[in-house]
Amino acid sequence: MTELQKNVRVRFAPSPTGYLHIGGLRTALYNYLFARKNAGVFALRVEDTDQKRFVEGAVENLIEALEQMGLTWDEGVYPENFKFKISNFKLNKSVTYPGIVEIGELGPYVQSERLELYKKYAEQLVADGKAYYCFCEPVRLEQMREKQQQEKLPPMYDRYCLANLTAEEINQKLQAQCPAVIRLKVPKTETVEFQDLVRGQVSFNTDNLDDQVLFKSDGFPTYHLANVVDDHLMKITHVIRGEEWLPSTPKHILLYRAFGWETPTFAHIPLLLNADKSKLSKRQGDVAVEDYLKKGYLKEAVLNFVAMLGWNPGEGSVQEIFSLEELIAQFDLKKVHKAGAVFDLKKLDWLNSQYLKKMSVEDLYLAVKPFLEEKEFYQTWSSAHKIWSEAEKAEYLKKVLTIEQDRLANLAQVGAENEFFFKELAYDKSLLYWKEMNDEQLRESLQKSQAVLSQLNEQQWTQELIEQQLLAAAGNNRGDLLWPLRACLTGVQKSPSPFDCVWVLGKEESLKRIEVALGKF
Ligand code: GLU
């Protein structure tokens with residue numbers, strides 16, 4: 001057991017791009033688990049400084065998806081009607097996003113609401129000689145880059161403005177409102193080293209680091225500046241984020257140093273990969289969490305799956321099913337793997353089926369209903385059974401679910417392979433014959449089933465009794481009795497057992513279907 005840490009404060013800081021990415025969910029989950037395990041604080045901050053990428057409704061979607069997945073947080077942004085409890089209740093409406101509220105002492109938690117602050121910190125760095133104004137126009141930067149490319153040099157700002165402008169010239173340009181950016185003066189030939197909780201000792205040489213832009217001419221900070229200023233002001237102790245941010249970390253550390261601030265501890269969690277080991281991409285499948293929910297995966301299964309992308313409890317543990325509580329108890333950043341995590345959909349299917357198996361029929365029914373209601377076969381069935389009460393319909397559906405539950409891979413699949421429970425049948429008479437059976441034998445077989453089922457009353461209509469009675473009547477030639485029965489009830493080659501089908505369909509419908517089969521002679 002690793003020791004618990006005191007005063008842990010972590011954050012999930014997504015940039016709203018339209019939806020919650022499955023990788024984002026994992027980052028959020030690892031932060032959540034680490035915070036809960038250490039009785040720390042988990043904050044949610046919106047990093048929306050890239051105005052070019054603004055997507056209407058993206059912030060709202062993202063936050064709601066997190067809530068829908070059952071994660072909770074203690075500080076930051078919330079949907080207006082968030083459902084979970086938090087202790088601090090002083091709530092501010094977000095200035096930028098209608099429908100979003102902010103809670104916490106260290107806000108605002110939306111970066112576009114903190115622009116003045118970033119400006120102040122960027123100017124402070126300029127005043128301290130750690131950063132400088134750059135007025136280079138795009139054309140010049142482009143030419144510089146082309147030249148560097150030709151000479152096979154890494155693309156880097158050549159410090160023209162730092163080397164050539166006097167304080168007076170800078171002031172004049174600022175007064176004249178010439179477009180300017182603020183760049184960090186990256187100290188050369190230094191080594192930036194840090195201890196990453198996942199990757200171990202990491203070191204970067206600053207020679208290859210560009211004088212990155214901290215503050216843009218449009219009045220917005222870059223990701224680097226805003227991220228560092230916020231993590232510092234929000235007292236973040238551990239930055240847990242995707243490995244794709246690892247190259248940014250030395251820049252961030254240089255910024256912490258320039259400000260004279262303490263650096264948080266970093267943990268970069270492994271990339272998500274497709275089966276062919278390429279980086280997980282939209283082109284190869286769904287990446288939005290909501291797509292998985294729409295496909296009928298349970299949120300518990302998705303969380304469980306995502307937790308295992310890059311982590312397992314280790315030490316010979318074979319446990320694969322984890323509730324959120326179990327994850328909190330067992331999660332350890334030190335056990336997160338360095339190697340990329342392959343996104344294996346078969347594993348998700350397996351996990352989902354395990355969770356589906358464990359559900360009560362009642363819960364399964366509630367989960368399945370919205371999916372069924374979308375299906376045409378169900379709508380037709382439902383309107384054909386107008387005289388059934390809602391309770392009767394529910395009872396019927398729960399029977400179907402009892403039969404299907406063990407073989408179900410996802411919620412959307414319900415009924416799909418057994419549409420005969422909901423449909424008038426259309427099949428060819430030839431389906432009814434078992435082996436070499438002739439017409440006479442087939443008629444006798446169906447009549448026998450008819451007789452057995454007619455004798456059973458309401459109370460006797462149980463799976464056990466139905467099976468017992470039919471098997472007794474079949475004697476040694478089971479196929480002779482059971483094949484034609486199953487075929488006339490389902491109209492297909494493959495289906496659940498005739499006993500299960502009889503039980504679900506009920507006495508009246510089963511007898512009616514036998515009658516229809518007899519009518520085919
Ligand atoms: N806004 C960044 C993102 O979208 C956050 C990276 C970080 O956690 O520092 O992933």
For [X], look at atom [atom1] and say whether over 12 heavy atoms of other residues, nucleotides or ligands are found less than 6.0 Å away.
| X | atom1 | value |
| --- | --- | --- |
| E424 | CD | no |
| K512 | NZ | no |
| K520 | NZ | yes |
| Q319 | CD | yes |
| Q195 | CD | yes |
| Q379 | CD | yes |
| K335 | NZ | yes |
| Q447 | CD | yes |

Donor on one side chain, acceptor on other, Q455 and Q469, under 3.5 Å: no
R486 and S495 side chains, donor-acceptor separation under 3.5 Å: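 Checked: S495/R486 side chains pair up, N/O donor to acceptor below 3.5 Å.
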Report yes or no: does [X] contribute a side-chain atom to a donor-acceptor pair with the main-chain N or O of [Y] at less than 3.5 Å?
| X | Y | value |
| --- | --- | --- |
| N274 | D276 | no |
| Q330 | L327 | no |
| E404 | L401 | no |
| Q460 | N457 | yes |
| D500 | P496 | no |

Chi angles and distances behind the ring-ring contact (aromatic ring centres under 6.0 Å, His included) call for F331, Y30: CA-CA 8 Å; F331 184 74; Y30 284 11; 4.8 Å; yes
Ring centres under 6.0 angstrom apart (W245, F266): no
Centroid-centroid distance, Y396 to W388, less than 6.0 Å: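 When the ring centroids of Y396 and W388 are compared, they turn out to be within the sub-6.0 Å range.
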Salt bridge check, [Y] against [X]: does any charged N sit closer than 4.0 Å to a carboxylate O?
| X | Y | value |
| --- | --- | --- |
| D286 | K294 | no |
| D231 | R45 | yes |
| R9 | E75 | yes |

Is the shortest heavy-atom distance from the side chain of [X] to the side chain of [Y] under 4.5 Å?
| X | Y | value |
| --- | --- | --- |
| P270 | R26 | yes |
| L345 | L348 | yes |
| W73 | Y32 | no |
| D439 | K429 | yes |
| T380 | F422 | no |
| Y427 | V492 | no |

Using every non-hydrogen atom in the two residues, find where [X] and [Y] come nearest and quote the distance to one decimal.
| X | Y | answer |
| --- | --- | --- |
| S353 | L408 | CB-O, 3.4 Å |
| Y223 | S248 | CE2-OG, 4.2 Å |
| W483 | L432 | CD1-O, 3.3 Å |
| L62 | P16 | CD1-CA, 4.0 Å |
| I63 | V77 | CD1-CG2, 3.5 Å |

Test applied, side chain to side chain contact (heavy atoms under 4.5 Å, CB included); reference residue, Y297; option that passes from D291, V289, D349: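 Checked D291, V289, D349 against Y297; only one passes side chain to side chain contact (heavy atoms under 4.5 Å, CB included): D349.
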Side chain to side chain donor-acceptor pair (under 3.5 Å) between E113 and S94, worked out: CA-CA 8 Å; E113 294 166 11; S94 157; 2.8 Å; yes
Six-ring centre of [Y], [X] cation under 6.0 angstrom, axis tolerance 45°:
| X | Y | value |
| --- | --- | --- |
| R443 | F521 | yes |
| K423 | W381 | no |
| K358 | Y355 | yes |
| K398 | Y365 | yes |

Whether H21 and Y19 hold their rings parallel, tilted or perpendicular, with breakpoints at 30° and 60°: parallel
Steps toward ring-ring contact (aromatic ring centres under 6.0 Å, His included) verdict (F305, W350): CA-CA 10 Å; F305 173 66; W350 178 79; over 10 Å; no
Residues Q441, D480; criterion side chain to side chain contact (heavy atoms under 4.5 Å, CB included); working and verdict: CA-CA 8 Å; Q441 287 164 324; D480 285 349; over 6 Å; no
Qualifying residue for salt bridge (Lys or Arg N to Asp or Glu O under 4.0 Å) with D230, from K235, R114, R11: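 The salt bridge (Lys or Arg N to Asp or Glu O under 4.0 Å) with D230 is passed solely by R114 among K235, R114, R11.
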Of R199, E244, R241, the residue whose pairing with H268 passes side chain to side chain donor-acceptor pair (under 3.5 Å):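 So, applying the side chain to side chain donor-acceptor pair (under 3.5 Å) to H268 and each of R199, E244, R241, only R241 qualifies.
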From CA spacing to verdict: side chain to side chain donor-acceptor pair (under 3.5 Å), Y97, D48: CA-CA 11 Å; Y97 302 104; D48 60 346; 2.5 Å; yes
Audit row: E60, I100, side chain to side chain contact (heavy atoms under 4.5 Å, CB included) steps and yes/no: CA-CA 7 Å; E60 291 82 352; I100 296 294; 4.0 Å; yes
